[in-house]
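Report on the structure given below.
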Amino acid sequence: MNLPKLAIAALGGTVSMQARNAGEGVIPTVSGETLLACVPQVTTLARVTVETLGLLPSASLNFEVLLSVLSWAKYQVEQGAAGVVITQGTDTLEETAVFFDYLWDRDEPLVLTGAMRSAQQAGADGPANLLDACRVALADNSRRRGVQVVMNGQIHQACSVRKTDSLALQAFSSPVFGPVGLLIEDVVRYLRQPTQRMCLPLPQHTTQKVALLEASLSADTLLLENILKLGYDGLVIAGFGAGHVSQKWAEVVEHIAEKIPVIIATRTGSGATARASYGFVGSEMDLIGKGAVMAGFLCPRKARILLWLLLGCQRQDELARYLNNDTCFQNQRSSVGAQLAGDER
Ligand code: ASP
């Protein structure tokens, strides 16, 4: 039988972690080849290319590393891979997913996965997640869905997925929207149709800096006041509630927004920012009037990545278009549960 090609890359993270000696903490040591050996079923589904592109805790990944992983993934597709799977740490999975998603202009699925339990723990979830991720990457109904995160039997869209628990096995969720699909008896089943995607070109430069600050009760303005002096090219604020800051912060935001793009997201962990509800100083209406842009459903961390990518290809003028359209969230609600879209059997 002519099996499809599948490319797998390991970047590190808990899925690759073991302790060198008893009593020591786990560190990334397990190669992609060894991870794959734990799920021999994959070789009955595809002809697999596996590489270890890094062995890092995901907190130490950076945009330059991600750009080289992206170019590796695109090369694999050019060489005929039907899909690509990347294993990495879960701590920054929600950010890498959206980073890749904005730049993944291919129809082939790019699937990210990891594990909450290290390779040496009883009930390690890495092998099951890897096998599920391979199934999703190979499924015809995963095409044209961009980048997806597969964890614990669920498929999440890059734009909405978040790590919402620090240690639990069920650590990932898509607040408001829920998972876009599930693996049911090893079959990839989608709950919604693919959304329209807005991809960006590769950044021409990578030195741009985007700060992310969180509003908090009675916070001073020291850091905020120094954002421009420190050379930042953009600012994201994880605001209170529906996208609010204090009166003191609002005054400083006005000056900053005259010079660099400022996005206001919600720090709540779920839901969208408002646009036309509150009128007090520091409210979303006030901040929009002062030149800030509201993030909509995009969480602060993902908004920072969008702004960094837009700055990198000099398309920051399109920020409002990217945020106001909420493109990746289109269709998410309308068809929830309405159908199991294009099921694979
Ligand atoms: N705890 C993390 C993980 O689940 C560590 C990391 O992100 O590298 O993989």
Side-chain angles (χ1 to χ4, degrees), residues 8-21 23-39 50-70 72-73 84-101 110-134 136-137 147-175 179 183 212 238 269 299-302 304-305 308:
I8 303 176
L11 296 184
T14 297
V15 66
S16 290
M17 291 197 197
Q18 275 182 340
R20 287 234 167 86
N21 300 299
E24 288 179 1
V26 294
I27 55 172
T29 48
V30 180
S31 68
E33 291 77 359
T34 307
L35 287 179
L36 183 62
C38 300
V39 280
V50 59
E51 284 189 44
T52 307
L53 299 180
L55 280 175
L56 290 169
S58 71
S60 295
L61 293 170
N62 59 47
F63 296 155
E64 283 79 10
V65 171
L66 296 188
L67 287 171
S68 66
V69 174
L70 181 79
W72 175 88
V84 179
V85 172
I86 294 172
T87 64
Q88 67 152 88
T90 59
D91 288 352
T92 61
L93 198 50
E94 64 190 66
E95 284 160 277
T96 54
V98 90
F99 183 94
F100 288 137
D101 193 50
L110 175 56
V111 180
L112 307 188
T113 192
M116 292 305 294
R117 294 180 182 151
S118 67
Q120 70 187 43
Q121 269 179 290
D125 52 331
N129 286 341
L130 177 57
L131 182 54
D132 281 351
C134 293
V136 172
V147 177
Q148 308 197 90
V149 169
V150 172
M151 289 290 292
N152 211 22
Q154 298 184 333
I155 310 166
H156 294 272
Q157 276 194 277
C159 57
S160 51
V161 68
R162 301 190 196 183
K163 187 172 186 180
T164 46
D165 197 290
S166 56
L167 288 166
L169 204 55
Q170 180 56 39
F172 284 82
S173 59
S174 293
L183 284 114
L212 169 55
C299 80
R301 297 177 283 277
K302 292 181 200 279
R304 174 176 167 268
I305 284 172
W308 188 88

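As the structure is a computational prediction, the values presented were derived from the model and not from experiment. In listed order, ligands and their atoms are each counted from 1. Computed over heavy atoms, backbone and side chain alike; hydrogens, waters and symmetry mates excluded.
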Numbered atoms of ligand 1 (with element) below 4.0 Å of [X], judged on heavy atoms:
X: T14; value: 1 (N), 2 (C), 3 (C), 4 (O), 5 (C), 9 (O)
X: D91; value: 1 (N), 2 (C), 5 (C), 6 (C), 7 (O)
X: G13; value: 8 (O), 9 (O)

- Message: Regarding atom 7 (O) of ligand 1: of the candidates S58, G114, P57, which has the closest heavy atom?
- Response: S58
Hey, does the side chain of [X] reach the backbone of [Y] with a donor-acceptor pair shorter than 3.5 angstrom?
X: Q120; Y: A19; value: yes
X: T14; Y: M116; value: no
X: T92; Y: S58; value: yes

- Message: Students should be able to answer this: which protein heavy-atom is nearest to atom 4 (O) of ligand 1, and at what distance?
- Response: T90 OG1, 2.3 Å
- Query: Backbone, side chain, both or neither: what part of P28 comes under 4.0 angstrom of ligand 1, heavy atoms only?
  - Reply: neither
- Query: Going by heavy atoms, is A115 under 4.0 Å from ligand 1?
  - Reply: yes
Atom [atom1] in [X], atom [atom2] in [Y]: separation rounded to 0.5 Å?
X: N152; Y: S173; atom1: CG; atom2: OG; result: 11.5 Å
X: F99; Y: R304; atom1: CZ; atom2: CZ; result: 10.5 Å
X: I86; Y: E51; atom1: CD1; atom2: CD; result: 11.5 Å

- If you measure every N/O of T92 against every N/O of ligand 1, is any gap under 3.5 Å? no
